[in-house]
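Working notes, beginning with the structure itself.
Any value given below was found using the heavy atoms of this structure, including those in side chains, with hydrogens, waters and symmetry copies removed. Throughout, protein chains are lettered first and strands after them, A, B, ... in sequence-line order, and every chain is numbered starting at 1.
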Number of protein chains: 2
Amino acid sequence: MDDAALDTMTARDRVDLLHQEIRDRICLLDYLPGSRLSETELAQEFGISRTPLRRVLARLEDEGLLRSVHGVGTMVTDVDYAELAQVYRLRKELVLLQTRLDPVPVSDALLARVRAILQRAEGLESAPSAREFMRMDRDMFLALLELTDNAPLRQMSERLYFRTARIWLQQVTASHIDLMQECRIYAREAAEILNALELGDLDAVGHIRRAHISLSFARMKG
Amino acid sequence: MDDAALDTMTARDRVDLLHQEIRDRICLLDYLPGSRLSETELAQEFGISRTPLRRVLARLEDEGLLRSVHGVGTMVTDVDYAELAQVYRLRKELVLLQTRLDPVPVSDALLARVRAILQRAEGLESAPSAREFMRMDRDMFLALLELTDNAPLRQMSERLYFRTARIWLQQVTASHIDLMQECRIYAREAAEILNALELGDLDAVGHIRRAHISLSFARMKG
DNA sequence: TCGAGGCCAGTTGTGCACAACTCTGCGCAA
DNA sequence: TTGCGCAGAGTTGTGCACAACTGGCCTCGA
């Protein structure tokens, strides 16, 4: 993260950037569920005082990624199975809305982004990396989110996505899921999505993604 | 608001309560869109310092109800038509999910609550009050939200509801909508919902509400 | 008369010290 | 030995003073 640029921005942008940074660390399991974060240490690392940092942590707490307890500490939350299932059921519905509600014409720029992501997916097949997989899936998610112009839908989908994104990585790390196989599946899925996008069939995109979410969840159960 | 009880609760509960209180003031137009709130005055009113109050304001800002600008002030946001339309389109979809996703059996307690609300609605027909209408609609919304056990869906629906709830009140205040007529319509709608609930037809509840939301938005356009 | 520049009151943002609270570990008594 | 209590370190929560910033007013010069 580019700490030097933190000085030139406005306060709100700093909060957004720090929020994104810490959120990514949680989702990439740099901070494991249950582990404790130190407000003092984080403030020192980012070169700010606890006050503005606490605003970032409060937001992450509202989003369900952190939990602060007075006198104890700030812990990274864990996600239990019931909660995970609820999120996935809701995401399966929202992904359909993302192509039905206030749809945006598919731009060449978006197609190019998805093609680039497909290439990354194919690259991962020969050199699997769980972290890179996570980043790639995140980028794909954010790219496809631009298919809708509905701002509240975008915001909610994003919150939900990051709420449970780390579970997949946890399962891979614990060898409950086979990374190699996931990479193969993902490359095929990305190709499917790109194909539907190129045909301009947004409805198909939605249902393809819905199926992928459902299957991904099914594989995680094991 | 019961300020005396603020002392005995934990910090988190205080934040939740203050958040709810200020949110209601915004939604009931005690704080008009565009008006400025003073952090100092609010802190004094609630008998706390600016620090914990600012956490509440930050949350309201994340929810889109406030907007703080450094050196200028904290303003109540206004809702433009495009945003309103987006929220309503999304709410029309979510209201269907509220009865389809993780449905909860209809309890007698819930039926009793809805019956009580129906009585309030009928009472308002003879003595219309925009503020009471708002509170009643909010209570109905929160009651029906218990039809689903899906926590993320509840949270998001709630955020969306309070995001634009004040628009209706604004339109009534500006006489763009006829309060008397709205009260009549609402009593009928509440009866419809109660009827479907008593029959245990959750799918019907969802679609009835969807229609109501759509019609309510249509009346607001004028 | 008009315009530019700066001063001032008022606001949000930040840093820091302390209060409130929890948990661990040690000592002491039964 | 075991249980209780207490003290201390460490953490989040709060209050307060000041920094950073904005917008309007006022002054001064052309």
Side-chain angles (χ1 to χ4, degrees), chain A residues 3-22 25-26 31-78, chain B residues 3-22 25-26 31-78:
Chain A
D3 287 3
L6 281 180
D7 301 334
T8 62
M9 9 182 30
T10 178
R12 180 194 300 274
D13 295 334
R14 261 195 305 260
V15 168
D16 287 346
L17 213 65
L18 257 61
H19 168 263
Q20 200 175 335
E21 171 67 22
I22 300 179
R25 291 185 186 182
I26 294 173
Y31 301 144
L32 289 170
S35 65
R36 262 188 12 198
L37 303 188
S38 164
E39 292 187 353
T40 310
E41 283 181 17
L42 277 177
Q44 278 184 341
E45 176 187 349
F46 295 122
I48 57 177
S49 81
R50 283 179 55 222
T51 309
L53 176 70
R54 279 174 60 75
R55 173 160 181 172
V56 176
L57 298 184
R59 191 160 144 194
L60 289 164
E61 195 175 353
D62 285 341
E63 293 172 347
L65 296 180
L66 292 181
R67 176 176 169 75
S68 292
V69 182
H70 189 185
V72 180
T74 303
M75 279 83 67
V76 178
T77 57
D78 208 346
Chain B
D3 288 2
L6 281 181
D7 300 336
T8 63
M9 10 181 30
T10 179
R12 181 194 298 274
D13 295 334
R14 262 195 305 262
V15 168
D16 287 346
L17 213 65
L18 257 60
H19 168 264
Q20 200 175 334
E21 170 67 22
I22 300 180
R25 292 185 186 182
I26 294 173
Y31 300 144
L32 289 170
S35 65
R36 262 187 13 197
L37 304 187
S38 164
E39 292 186 352
T40 310
E41 284 181 17
L42 277 176
Q44 278 185 341
E45 176 186 348
F46 295 121
I48 57 178
S49 81
R50 282 179 55 221
T51 308
L53 175 71
R54 278 175 61 75
R55 171 159 183 173
V56 176
L57 298 184
R59 190 159 145 193
L60 288 164
E61 195 175 351
D62 285 342
E63 293 173 347
L65 296 180
L66 291 182
R67 176 176 169 75
S68 293
V69 181
H70 190 186
V72 179
T74 303
M75 277 84 65
V76 178
T77 57
D78 207 346

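Across its full length, the helix from C:dT1-D:dA30 to C:dA30-D:dT1 shows an angle of 10° between the axes of its 5 terminal pairs at either end, rounded to 10 degrees.
For DNA chain C, the contact window with chain A, defined by any atom under 4.0 Å from a protein heavy atom, covers C:dG13 to C:dT22 in 5' to 3' order.
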Between protein and nucleic acid, restricted to nucleotides 20-26 of chain D and to nitrogen or oxygen atoms under 3.5 Å apart, what atom pairs and distances do you find?
| residue | atom | partner | partner atom | Å |
| --- | --- | --- | --- | --- |
| D:dA20 | N3 | B:His70 | NE2 | 3.0 |

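Taking A:Asp13 as the reference, nothing meets the salt bridge (Lys or Arg N to Asp or Glu O under 4.0 Å) condition, with sequence neighbours excluded. For B:Thr51, the side chain to side chain contact (heavy atoms under 4.5 Å, CB included) test picks out B:Ser49, with sequence neighbours left out. Take A:Asp78 and apply the side-chain hydrogen bond (donor to acceptor under 3.5 Å, both in side chains) test, not counting sequence neighbours, and it matches no residue. For B:Asp62, the side-chain hydrogen bond (donor to acceptor under 3.5 Å, both in side chains) test picks out no residue, with sequence neighbours left out. In this structure, the side-chain hydrogen bond (donor to acceptor under 3.5 Å, both in side chains) partners of A:Arg12, at least two apart in sequence or on a different chain, are B:Glu61. Residues satisfying the side-chain hydrogen bond (donor to acceptor under 3.5 Å, both in side chains) criterion with A:Glu63, sequence neighbours excluded, are A:His19. Residues passing the side chain to side chain contact (heavy atoms under 4.5 Å, CB included) test with A:Ala43 are A:Arg50, A:Leu53, sequence neighbours excluded. Legend: residues meeting side chain to side chain contact (heavy atoms under 4.5 Å, CB included) with B:Val15, ordered by chain and number and at least two apart, are B:Arg55, B:Val56, B:Arg59.
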* Evaluation steps, side chain to side chain contact (heavy atoms under 4.5 Å, CB included), between B:Leu65 and B:Ile22 -> CA-CA 10 Å; B:Leu65 296 180; B:Ile22 300 180; over 6 Å; no

* Step-by-step side chain to side chain contact (heavy atoms under 4.5 Å, CB included) determination, B:Leu60 to B:Thr74 -> CA-CA 11 Å; B:Leu60 288 164; B:Thr74 303; over 6 Å; no

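Of the residues in residues 50-58 of chain B, those with a non-hydrogen atom less than 4.0 angstrom from any atom of DNA chain C are B:Arg50, B:Arg54.
Each of A:Ser49 and B:Glu41 was assigned the nucleotide of DNA chain C with the nearest heavy atom; the assignment lying further toward the 5' end belongs to B:Glu41.
Looking at heavy-atom distances under 4.0 Å, B:Thr74 makes contact with sugar-phosphate atoms alone, never a base.
Rounded to the nearest 0.5 angstrom, B:Glu21 CD and B:Ile26 CD1 are separated by 10.5 Å.
Distance B:Arg12 CZ to D:dT11 C1': 15 Å, rounded to the nearest Å.
No donor-acceptor distance shorter than 3.5 angstrom exists from the side chain of A:Thr77 to the backbone of A:Arg67, with no hydrogens or angles considered.
Here the side chains of A:Leu66 and A:Val76 are in contact, with some heavy-atom distance below 4.5 Å.
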